[in-house]
Each structure stands twice: as C-alpha cells, then as structure tokens.
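In the text below, chain A, chain B and the rest are named by the order of the sequence lines, each starting its count at 1.
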Protein chains: 2
Amino acid sequence: MAKQLAGPASLVLSAQVVRRYYLDGRSKVEIAEEFRLSRFKVARLIESARASGLVRIEIGHRGLIDVDLSARLQSRFGLAHAVVVDTRDDSAETLRKHLGQVAAELLAEVTGPDDVLGVAWARSVGAMAGALPRLAAVPVVQLTGAVSLPDGDASSIDVVRDVARAAGGPAYVFYAPFTVPDAATARTLRRQREVALALDQLPRVTKAVVGVGLWAPGQSTLHDAAAESDRRSLRRLGVCAEVSGVFLTADGEPVRTALSERMIGIDAEQMRAIAEVVVIAYGLPKVPAARAALRSGLVNGLVTHTSFAEALLASA
Amino acid sequence: MAKQLAGPASLVLSAQVVRRYYLDGRSKVEIAEEFRLSRFKVARLIESARASGLVRIEIGHRGLIDVDLSARLQSRFGLAHAVVVDTRDDSAETLRKHLGQVAAELLAEVTGPDDVLGVAWARSVGAMAGALPRLAAVPVVQLTGAVSLPDGDASSIDVVRDVARAAGGPAYVFYAPFTVPDAATARTLRRQREVALALDQLPRVTKAVVGVGLWAPGQSTLHDAAAESDRRSLRRLGVCAEVSGVFLTADGEPVRTALSERMIGIDAEQMRAIAEVVVIAYGLPKVPAARAALRSGLVNGLVTHTSFAEALLASA
DNA sequence: CCACCTCCTGCTCATCTGAGCGGTCTGCGC
DNA sequence: GCGCAGACCGCTCAGATGAGCAGGAGGTGG
C-alpha cells in the first residue's frame with residue numbers, strides 16, 4: 001500500500017528483495033545482510049509487497065486439470081477427491097471422453113490392493129472404463145442393472161468387465177435390467193444367482209464410480225427410460241437427482257419411491273457405506289443434481305469440467 | 001517433477017496445500033494438521049509444486065515502472081538505483097517525457113536535506129526538471145556549459161534553474177557554452193566569476209543527474225555540435241560514449257582528449273567523486289554508450305525504458 | 001528366498017521467522 | 001520551545017522451518 005506511493009527507488013528495492021526471497025530462495029537474514037537492512041525491515045518489505053500486489057502468486061494448471069479450481073471445490077464441499085478438467089465446453093461426447101480419461105487416472109491412483117471397486121451404469125463411467133490403465137488386482141462389483149440406451153452404447157456389463165479386465169480381479173457382473181415392470185419381478189431377479197452374488201458384495205465395496213442424472217427430460221437415462229407415470233410421481237416426491245438409481249431431493253435427502261421397489265441395484269444405505277464414491281458430472285443443466293449429490297453425503301468425490309465446477313461454487 | 005506423473009489426486013492435494021500456504025498464509029504445521037500429513041510431507045509437497053511449476057510467483061508492475069526488470073538491472077550492474085519505465089517505444093519525445101517524469105520522482109525520493117545536487121546539460125535532464133515536485137531545500141550546481149540546440153530547446157541554465165526552484169536552495173548557474181574554439185578561451189571562461197563559483201562547488205556535489213550520448217551522428221548533441229576534426233579524432237581515440245562531457249571508451253575508460261581542454265564542465269575525477277550519479281538513457285542505439293557509462297564506475301544509477309534495459313541485460 | 005537398491009518417510013538440531021513490545025524520530029499544533 | 005500523535009525501527013522469545021540422516025517399504029535380479 002504505502003510502497004505504491006513511496007517512489008521508484010523503494011519500489012525497486014522491494015522488487016529486488018522479493019525476488020531474492022521468492023525466486024532465489026534466500027532467507028530473510030541473508031537478504032538483510034546483502035542489502036544492509038535489518039531482517040525485520042526485510043520482512044516488512046516483503047509483507048507490504050504482497051499486500052500491495054507487487055508479488056503475485058498463482059497456482060497454475062499445466063495440462064488438462066485445473067488444479068486450483070479442483071482444490072477449491074474439494075475444500076468447499078469437503079470432498080475426498082475433486083478433479084476439474086479444464087476443457088472448453090464442446091460436445092457432450094468430447095466432454096465425456098475427457099472426463100473419462102481423467103476419472104480413469106484418478107481411479108488408478110486411488111485404488112490400492114485392498115480395495116473393492118463398485119461400478120455403476122452410466123455413459124460417463126463407460127468412458128472411464130475404456131481409458132483405464134492397469135489397476136491393482138481387485139474385485140470389481142456391478143452396482144446396478146443396465147438401461148438399454150437408444151444409441152446402443154456399451155452396456156453396463158461391458159463397463160464392469162472393462163474395469164475388471166484392467167484390474168485383473170474377480171468380476172461380479174450380472175445381466176439384468178435396471179428397472180422392471182413390477183416389484184415381484186424385481187424380487188425374483190434379485191434372488192437370481194449372478195445378481196445375488198453381486199449384490200452380496202456391496203457391503204465389501206470400498207470405492208465406487210457413479211454417474212449423476214437430473215430428474216428431467218434428457219438429463220438422466222433412467223428418467224428417459226421411465227414411464228410417464230413414474231416420471232411424474234417422482235417429480236411430485238421432490239426428486240431432483242438420481243445417483244446410480246438412488247433418488248435425491250434438491251437438498252440431498254434420499255427419497256424412497258415406488259420405482260425403487262422395481263429396480264435392481266444399490267440403495268442409499270448401501271451407498272453411504274462405501275468409503276469413497278466418485279461421481280462424474282458434466283453438462284450445466286445437471287448442476288443442481290450434482291449439488292444434491294454432494295449435499296447428500298453419499299458421494300465424496302467429483303470429476304467434472306470447468307464451467308460446471310464454477311457453477312457449483314457460485315451456487316453454494 | 002514427480003507430481004506431474006503422480007495422478008490427479010496428488011496434483012489436487014498439492015494445489016490445495018500450496019493454496020493454503022501461499023494464498024491463505026497458513027503455517028506448514030497448520031496445514032499438516034488439516035490434511036493429516038507430517039509437516040515434512042507438506043514441505044516436500046510445496047517444494048515439488050514449486051519445482052514443477054504448479055505455483056508461479058511473479059513480481060508485478062502496477063503502473064509505469066517495470067519493477068522486476070529494474071531490480072535485475074540494479075543487481076546485474078551493482079547500481080544504487082535502477083528504474084525501468086515500462087513504455088512502448090514511441091517517439092523519442094514521449095519517451096523522454098516519461099523518463100523525465102520517473103527520474104523526477106526518483107530524484108525527489110533520494111534527495112535528502114544534506115545533499116548537493118548536480119545537474120548536467122541534456123534534453124532528458126530538462127524533461128526531468130519540468131516534472132520535479134518540491135524537493136528538500138538543497139543547493140543545485142550546474143555541471144556543464146550549454147550546447148545550443150538546433151530546435152531551441154530549454155537551455156542548460158533553465159534546467160538548473162528549474163531544479164533549483166523545486167529545491168528552494170541556492171543555484172550555482174552560469175552562462176557559458178559547453179565548448180569553445182580554443183583552450184585559452186576555456187581557461188579564461190573557467191576563471192569567470194559565475195563559472196568559477198559553480199565549478200568550485202563540484203566537490204560538494206553528492207547527487208547528480210546526467211544524460212549519455214553515443215559518439216555517433218544524431219546520438220549526442222555534443223557530437224553533432226563538434227567540428228568534423230574533433231569527431232574524427234575522438235573516434236580515433238576509441239571514444240564510444242559521452243557522459244556530461246566526459247568521454248569514455250566502450251569499456252568505460254575515461255579518455256582525456258584535446259577537446260576536453262576546450263570544454264567548460266565537470267571532468268572524470270570530479271564525477272567519480274560524486275556519490276550518486278544517475279544517468280537517463282533512451283534510444284536503442286545508445287545501449288553501448290550506456291554500457292560504457294555503467295562500466296566506467298562514474299555513474300551508479302540508471303533511468304531507462306524497457307527495451308533498452310533488456311538490451312543492456314542481454315549484452316552483458 | 002534373499003540381498004540389494006531406491007524411494008519415501010519422519011526424526012533431530014541448528015537456524016529462521018512472526019507477533020508483540022518498547023524506544024526513537026518526525027512533523028505538527030499550541 | 002514544548003508536548004503529542006503517529007510512523008518507524010529493532011529487540012525478545014516462542015514457535016516454525018530446513019538440512020541432513022537413519023529406518024523401512026517396495027521393487028528387482030540373482
């Protein structure tokens with residue numbers, strides 16, 4: 001502050017001191033000796049240089065990841081992991097590919113030999129599966145049934161298989177739809193050998209990767225696949241978000257619905273029991289859904305893109 | 001280094017730690033507690049973040065002065081003062097005006113009540129004189145005679161008067177040309193009352209502001225005003241620069257010339273005795289002259305512009 | 001399976017650093 | 001001339017920090 005008005009000579013002296021301190025890594029005592037100042041004077045010069053903006057410290061991003069935004073997001077929401085991909089908002093497909101790539105790196109990094117991975121059905125998770133490098137040899141568990149996609153994308157099973165192949169551990173996979181027409185069918189299916197084997201593994205799962213959908217047209221494959229009556233009834237219940245088949249209000253409260261009875265997959269309690277759940281989120285409309293997911297406490301990891309992260313921070 | 005390859009999670013952790021440390025000003029111990037790390041781990045994280053370029057520290061310039069370049073110049077040449085004006089290279093006139101402004105600020109800052117100022121004849125010094133704010137009440141001494149300018153600019157005497165007016169102390173000024181046709185006339189002039197009074201003050205001068213010229217056409221008013229025979233003979237003697245009438249080789253060695261005998265003004269020994277001599281330099285062709293001046297040890301202050309400073313640093 | 005190597009971790013101790021305190025200098029009003 | 005307020009300066013001391021070292025985990029080749 002004062003430095004600003006103190007004339008060119010002291011300005012330059014400040015710059016010199018600050019350069020020695022920050023750029024050359026000298027101690028304040030050394031600098032004091034070099035410039036014949038007391039170390040206190042040096043300290044005050046550096047202090048006022050920082051206060052006046054003479055020194056600017058930036059946390060940079062080299063490459064795909066906006067580390068500073070990631071860090072702020074992680075702090076702000078108390079997450080175990082947050083990774084923001086610094087990509088221009090191009091097509092959903094490119095976005096998904098980039099997020100998948102980064103999520104794959106993240107998963108590879110945090111997966112240890114004692115983990116059990118859970119994998120949900122989601123296109124974003126599929127994008128991740130394709131990009132996975134070799135993992136530790138861990139079991140991989142399918143968390144939900146599959147929703148048949150209009151564009152015939154990789155099915156849930158293939159996602160889990162891809163992840164299991166990268167890991168080299170046992171794969172608990174099953175061939176079943178995510179939703180069925182009635183609760184009785186769902187109960188029957190759940191007792192089916194492959195399904196039961198996978199669902200029995202859920203309590204052992206330590207890390208999971210899931211997608212998130214907004215309960216609105218075009219923002220959730222589950223929503224789009226649901227009957228109009230279900231769509232309406234859930235909307236009336238205040239459902240805002242859907243995380244791997246778990247329905248949440250805008251505040252992040254899990255909602256038990258009639259539809260839940262007719263679904264094959266993980267429920268809120270089981271998800272809460274998983275130590276680390278990473279959600280891959282993209283597309284600005286889904287911001288409220290992601291916020292709900294983060295508030296719910298069910299997920300504590302997030303992989304997303306720049307504008308999404310900024311919107312999340314701004315809205316909180 | 002390692003952080004670059006260590007995956008998104010540790011990258012983000014680094015960013016978070018670094019943010020807390022540099023931006024939030026927390027101690028490493030606090031950060032260690034917050035993230036459940038040892039303080040050593042925190043230290044290493046910060047260290048590697050700096051090494052890998054995750055944190056960038058820049059010394060900024062707010063306003064006219066490029067403080068970092070100034071600091072580097074000052075260090076590099078061991079100067080008492082160096083101020084680089086961050087201005088695009090526009091006309092010599094604009095440049096002169098900006099440098100004069102900054103030099104005025106510098107002089108105002110470094111002038112104390114016990115100083116005696118010396119003022120040389122130069123257009124750049126004239127530009128400074130016009131911009132001077134109020135100074136301490138100190139004596140002001142004219143260092144050299146005047147060269148009549150083709151464009152009839154402010155004369156040397158007016159420069160000294162302007163400075164003296166800003167100071168409010170006594171002005172030791174004289175009306176005499178810088179060069180005369182023969183040595184005898186010079187000797188006579190030097191004994192003249194006003195001239196002698198001013199020259200007698202020279203040993204008392206503690207701070208001086210001078211210009212610098214390159215001994216080449218159009219790069220020194222003294223050169224341009226000299227007879228062709230003088231121009232040639234000085235060139236043959238290896239004269240590269242002219243600082244307030246003191247001639248220097250490219251290495252900064254003072255050169256005693258026949259022309260010196262016919263000049264009214266300060267000589268090399270007297271200039272060396274002045275504690276702080278600030279030279280105002282601009283115009284890229286003059287870079288070798290400025291380098292000679294700085295090497296000579298006669299001057300230990302510099303006010304110049306960005307490209308000039310960069311050229312000086314590059315050439316050294 | 002073991003020996004070896006390298007990387008990573010956290011310790012000690014000497015040094016550095018920050019917060020707060022009192023002394024001094026300076027400008028200003030009376 | 002005198003007294004005061006505010007800025008500036010350098011001290012002390014407790015706590016923070018860095019350099020170097022030893023122990024241990026994990027990977028590799030014999």
Identified side-chain contact (heavy atoms from CB on, under 4.5 Å) counterpart of A:L143 within the set A:L202, A:L117, A:V277 = A:L202

So do the side chains of A:V138 and A:V116 get within less than 4.5 Å of each other, counting heavy atoms only?
-> no

Taking C-beta and beyond as the side chain, do B:V278 and B:V210 meet within less than 4.5 Å on heavy atoms?
->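 Counting from C-beta outward, B:V278 and B:V210 never come under 4.5 Å.
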
Residue pair A:Q16, A:R19: steps toward the side chain to side chain donor-acceptor pair (under 3.5 Å) verdict = CA-CA 5 Å; A:Q16 208 148 356; A:R19 166 169 272 274; over 6 Å; no

Nucleotide D:dG26, atom P - distance to CG of A:D114 in whole Å =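 After rounding, the gap between these two atoms is 11 Å.
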
Estimated bend of the helix from C:dC1-D:dG30 to C:dC30-D:dG1 (axis per five terminal pairs, rounded to 10 degrees) = 20°

Does the pair B:V119 and B:V140 meet the rule for a side-chain contact (heavy atoms from CB on, under 4.5 Å), with working shown?
-> CA-CA 7 Å; B:V119 176; B:V140 178; 3.7 Å; yes

What distance do [X] atom [atom1] and [Y] atom [atom2] have between them, rounded to the nearest 0.5 Å?
{"X": "B:L312", "Y": "B:T304", "atom1": "CG", "atom2": "OG1", "result": "7.0 Å"}
{"X": "A:L45", "Y": "A:I31", "atom1": "CG", "atom2": "CD1", "result": "10.0 Å"}
{"X": "A:L69", "Y": "A:L313", "atom1": "CG", "atom2": "CG", "result": "6.0 Å"}
{"X": "B:T87", "Y": "B:K97", "atom1": "OG1", "atom2": "NZ", "result": "10.0 Å"}

Taking atom types as modelled, is there a side-chain donor on A:H81 or A:E276 under 3.5 Å from an acceptor on the other?
-> yes

Distances under 3.5 Å only, N/O to N/O: pair up the protein atoms with those of nucleotides 23-28 of chain C.
none

The contact string for nucleotides 9-22 of chain C, one letter per nucleotide 5' to 3', using protein heavy atoms under 4.0 Å with B, S and - for base, sugar-phosphate only and none, comes out as BBBBB--SBBB---

